[in-house]
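Quick note on labels: first sequence line is chain A, next is B, and so on, each numbered from 1.
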Number of protein chains: 2
Amino acid sequence: MTVPRVGSRREQILATAAALFAKHGFHGVSIAELGAAVGISGPALYRHFPGKEALLAELLVDISERLEAGGRERAAGSAGSPREVLEALVDFHVAFALREPELIVVQDRDLDNLPDADRRRVRRLQRTYVEIWVDTLQRLHPGLDAERARTAAHATFGLLNSTPHSGSRAAPEEVAALLRAMALASFRAL
Amino acid sequence: MTVPRVGSRREQILATAAALFAKHGFHGVSIAELGAAVGISGPALYRHFPGKEALLAELLVDISERLEAGGRERAAGSAGSPREVLEALVDFHVAFALREPELIVVQDRDLDNLPDADRRRVRRLQRTYVEIWVDTLQRLHPGLDAERARTAAHATFGLLNSTPHSGSRAAPEEVAALLRAMALASFRAL
DNA sequence: ACGCGCTGTTAGCAGTCGTTAACAGGCCGG
DNA sequence: CCGGCCTGTTAACGACTGCTAACAGCGCGT
């Protein structure tokens, strides 16, 4: 019994890769280093992944799918006023950024080290995630044109994704509350 | 007469390197590619720079010095209320981020590809720049503790530095005005 | 006119990278 | 007990990298 966590090695490798890629960049981490960091050495990684790029692809496709799904979920039912939806989106995003800062870093740093097919997929997911925010902002502020809404959405992502940059020795909930409040306040400028 | 732009090649190389590093990352650009992009080929770059790392160092030291100097200048004379100083800082930073988005990208993406001495220097400059913002925020909001002020400063940098991410087909002045307004509005949450 | 410094070239070297090949031990179903 | 799969090892290959060496044309001061 007690299935020995099928794919537990895989997940360990993915988590370690996320941390190392975030710290040194995709090209700055060798297969040998990554292997050593999980206790195996070098080419053993090829028992779990077809190659280095595939590893990055799995990380980035996964994070962009989770963001898009989370955004869609909170914006869907059209239940809730635009303001409530926007608050839910902010809460979701800030929680994500605080929980997995490495993935946030890797996603916009190493996107173009992906093979073409995966990069297109990730780009499309990112675009639809942005559009969820744009639609919500436009419903909240009728008359706001799409271009400005898009700029505002990206600005908010930059604000919320700033967690990896600040040392943030403070408690995560306090940081989350502060970023949430700043993001929502910034929308008053629209 | 008409000095033939002493160092014009140097500056051309630096500008091209900034663009390429921003697009593909430091490790993603080879000396040969960089040479080809400026019309010379490969090792000719060593006539102008002692090495690849020195090139990156010059870019990053330069940008962090300019940011620190610009921030210090606008915060110095203690002329102006804290709110005026803060508005000047925002204007300065957003103009910088819009004028040289590649440098913004390279600075936080490839900082740790610098040789130790240069990285320490850049880190120190960045720290004092942040502290200028922290001090101003604390003068504006007495009772705001330094940790929260630091988080808020980083969040504002993320917001203002979002320009490279959004396509921003709009006119730069409009984007600048929007980001400025959002940044200043976000401070109301403090 | 001469020589030198500046800026460019090509050839080649040493090191590192991702990846494949060949091999081996452990576990588990028949 | 046996045979295969899973997961690991080390050795080696080819490609590419940053960098150096050796050489050459050009322009300018004396």
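- Rounded to whole angstrom, the span from the CZ atom of B:F49 across to the P atom of D:dC19 amounts to 13 Å.
- Closest-nucleotide positions on DNA chain D for B:R47 and B:K52 were compared, and the one nearer the 5' end corresponds to B:K52.
- Using a 4.0 Å heavy-atom distance criterion, B:V29 is classed as a sugar-phosphate-only contact.
- Between A:N113 and the choices A:K52, A:R119, A:E53, A:H27, the side-chain hydrogen bond (donor to acceptor under 3.5 Å, both in side chains) rule is met once, by A:H27.
- In summary, B:E73 and B:R66 do not engage in a salt bridge, as defined by a charged side-chain N under 4.0 Å from a carboxylate O.
- A:I31 has its CD1 atom 17 Å from the C1' atom of D:dT10, to the nearest Å.
- Here the NE2 atom belonging to B:H48 is positioned 5.0 Å from the CD1 atom belonging to B:I40, to the nearest 0.5 angstrom.
- When heavy atoms are screened at a 4.0 angstrom cut-off, A:H27 is found touching no nucleic acid atom at all.
- Atom CG in A:L20 sits roughly 13 Å away from atom P in C:dC17 (whole-Å rounding).
- Across the protein-nucleic acid pair, B:E53 atom CD and D:dG18 atom P stand 11 Å apart, rounded to whole Å.
- Closest of all the heavy-atom pairs between B:E68 and B:L125 is CG-O, 3.9 Å.
- Among the heavy atoms of the strands lying under 4.0 Å from A:G51 are primed sugar atoms or P, OP1, OP2 only; no base atom is included.
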